[in-house]
Visitor: 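Structure below; questions to follow.
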Protein chains: 2
Amino acid sequence: MSLDLDAKARGKREETKASNRQAIIDAARQVFAELGYGATTVRDIIRATDLASGTFYNYFKSKEEVFQALQDETALRVRPRLRAERIRARTFEEFIAGSFRTFFDFVKNDHSTFATMRRNPEMQRVRIDTPEVVAGFDELRVDLERAIESGVVPDADPDLLMASIVGVAFEIANHLVARDDIDVDDAAKFATALFLGGVQALPKRKR
Amino acid sequence: MSLDLDAKARGKREETKASNRQAIIDAARQVFAELGYGATTVRDIIRATDLASGTFYNYFKSKEEVFQALQDETALRVRPRLRAERIRARTFEEFIAGSFRTFFDFVKNDHSTFATMRRNPEMQRVRIDTPEVVAGFDELRVDLERAIESGVVPDADPDLLMASIVGVAFEIANHLVARDDIDVDDAAKFATALFLGGVQALPKRKR
DNA sequence: AGAGTTCATGACACTCCGTCAACTTTCGGG
DNA sequence: CCCGAAAGTTGACGGAGTGTCATGAACTCT
């Protein structure tokens, strides 16, 4: 009566291993949201499962590592959306606009790590070099270099361009999560305008 | 034979209090750089002074709090430089260019928290809302709103503009510290161009 | 079914933390 | 200058969290 369709293909051993791992991750998400990252102990996490304390260490080296796994799951959810948006884009403007729009929308609406994170000020470390995150950055870089190749964007330093985009994206994302009076659309339009035309092109504020 | 010129004005009590506090901060900077933030214990810090373990807690509540004090010292060093640069600026372009230039220069050349921080990947938390940091942000915001008032910058959302500037500044700062092949001047010109004219205005890469 | 492998268990030893009662130093009024 | 009060220092101690490991249970394969 398992919902895990892969289960038949695996032995029971592998199956419980996978389910234990997931149980720990789920418990961690729960407990982090409840107590905050700093305040939760490894024991708190394992207590929220039906496993014994020692078992935790068969799956993760530390609390930090579970957190990374959480981040990875989060990145795994955004990345396809960003990819789809990029494929749809026909111009550099659409590319930039779509990427910001999608990212901000995710941050605001998906009840992911971002939300619980910002509720706990100590968890400033939003970005962690988890495989999925790195892959996402790589994809962005490839597209930027393609844009440079094709002459749509001047032959600027791609590292600095990446840094600027990422910096703006995450910094504005913080505001989106922390405050309610900022609209996802406005934020996306703002960031897009900044990259396309600098401060002079910025949209006027609604009063 | 003290070098502390304020000492005569203070009683001995206050004097040792101040010097103990500074001793702890200095020891912390040292030890953080050596072991990394996560790996150092409060005991490590106090052991690097000639004080007893309990004394630490007369000055700071936790390791985190010493770290904040360090950050505050760092901010205290940049802020006057940024202020001077702003006063010198006669146009918005000079304002933006000068600010980025000064900040990047500080990050790269002042052997401050930034440097030790980047050597320890776990210390991603560069920004902390320490009094000096908050004051610095406030100053920036005032200038931005003045620029908006005077019509030099469109009437855009100042929060989003702040976020963009700060995001770009810190993200590029990370690259500056992490890598040697990026020039402070190039970075400042890049960021300035981005804000003044968007991607089309970006300087071409040196090959 | 039996030998072998893999994993779960929870008690244990260890580290670090923050406190506190006892002690030392400084202050200030007489 | 002296002495009682105030402020600060000390390190030992109780408590909490960590990661490990010997033991035993569960699964796999033949």
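Sequence lines set the chain letters: A, B, ... in the order given, protein chains first and strands last, and positions in each chain run from 1.
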Visitor: Of the nucleotides D:dC27, D:dG11, D:dG8, which one has an atom closest to the side chain of B:Asn58?
Guide: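 Nucleotide nearest to B:Asn58's side chain: D:dG8.
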
Visitor: Could you walk me through whether A:Asp26 and A:Arg29 pass the salt bridge (Lys or Arg N to Asp or Glu O under 4.0 Å) test, one step at a time?
Guide: CA-CA 5 Å; A:Asp26 292 343; A:Arg29 180 181 293 113; 3.5 Å; yes

Visitor: What is the nucleic acid contact for A:Ser53, judged by heavy atoms within less than 4.0 Å: base, sugar-phosphate only, or nothing?
Guide: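 Counting heavy atoms under 4.0 Å across all strands, the contact made by A:Ser53 includes a base.
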
Visitor: Assuming nearest nucleotide by heavy-atom distance, tell me which of A:Phe56 and B:Lys63 is located more 5' along DNA chain C.
Guide: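 Its nearest nucleotide being more 5', the pick is A:Phe56.
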
Visitor: Using a heavy-atom cut-off of 4.0 Å across all strands, would you classify B:Tyr59 as base, sugar-phosphate, or nothing?
Guide: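 Answer is sugar-phosphate: B:Tyr59 comes under 4.0 Å of backbone atoms only.
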
Visitor: If you find the nucleotide of DNA chain D closest to B:Thr55 and the one closest to A:Thr40, which residue's nucleotide is nearer the 5' end?
Guide: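 Nearest-nucleotide comparison on DNA chain D picks B:Thr55.
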
Visitor: Is it the case that over 12 heavy atoms from other parts of the model lie below 6.0 angstrom from the CZ atom of B:Arg179?
Guide: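 Atom CZ in B:Arg179 is packed in, count exceeds 12.
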
Visitor: Can you check the A:Arg47 CZ to D:dG17 C1' distance for me, whole Å?
Guide: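 My rounded result for the distance is 10 Å.
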
Visitor: Does a salt bridge link B:Asp183 with B:Lys108, judged by any charged N lying under 4.0 Å from a carboxylate O?
Guide: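 Salt bridge absent between B:Asp183 and B:Lys108.
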
Visitor: Calculate the interatomic distance between A:Ile45 atom CD1 and D:dG19 atom C1'; express it in whole Å.
Guide: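 Rounded to whole Å, this separation is 14 Å.
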
Visitor: Is A:Arg83 salt-bridged to A:Glu139, going by a charged N under 4.0 Å from an acidic O?
Guide: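 Salt bridge present between A:Arg83 and A:Glu139.
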
Visitor: Taking NZ from B:Lys17 and C1' from D:dA6, how many angstroms apart are they, rounded to a whole number?
Guide: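 Going from NZ in B:Lys17 over to C1' in D:dA6 covers 12 Å.
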
Visitor: What are the 5'-most and 3'-most nucleotides of DNA chain C lying under 4.0 Å from any heavy atom of chain B?
Guide: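 Endpoints of the contacted stretch of DNA chain C: C:dC16 to C:dC27.
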
Visitor: What is the distance, to the nearest angstrom, from the CD atom on A:Glu14 to the C1' atom on D:dC29?
Guide: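 Those two atoms, CD and C1', are 15 Å apart.
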
Visitor: Rounded off to whole Å, could you give me the CG-to-C1' distance for the A:Leu51 and D:dA25 pair?
Guide: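 Rounded to whole Å, this separation is 15 Å.
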
Visitor: Give the intermediate values and the outcome of salt bridge (Lys or Arg N to Asp or Glu O under 4.0 Å) for residues B:Glu85 and B:Arg101.
Guide: CA-CA 9 Å; B:Glu85 195 56 46; B:Arg101 182 73 175 66; over 6 Å; no

Visitor: Output yes when A:Asp155 and B:Arg205 qualify as a salt bridge under the 4.0 Å nitrogen-oxygen rule, no when they do not.
Guide: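 Yes, this pair counts.
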
Visitor: How about B:Phe106 and B:Phe103: are their ring centroids closer than 6.0 Å?
Guide: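 So the answer is no for these two rings.
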
Visitor: Nearest whole angstrom, please: distance from the P of D:dA25 to the CZ of A:Arg13.
Guide: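 In whole Å, D:dA25 P lies 14 Å from A:Arg13 CZ.
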
Visitor: Report the distance from atom CG of A:Leu35 to atom C1' of D:dA16, rounded to the nearest whole Å.
Guide: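 That distance rounds to 15 Å.
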
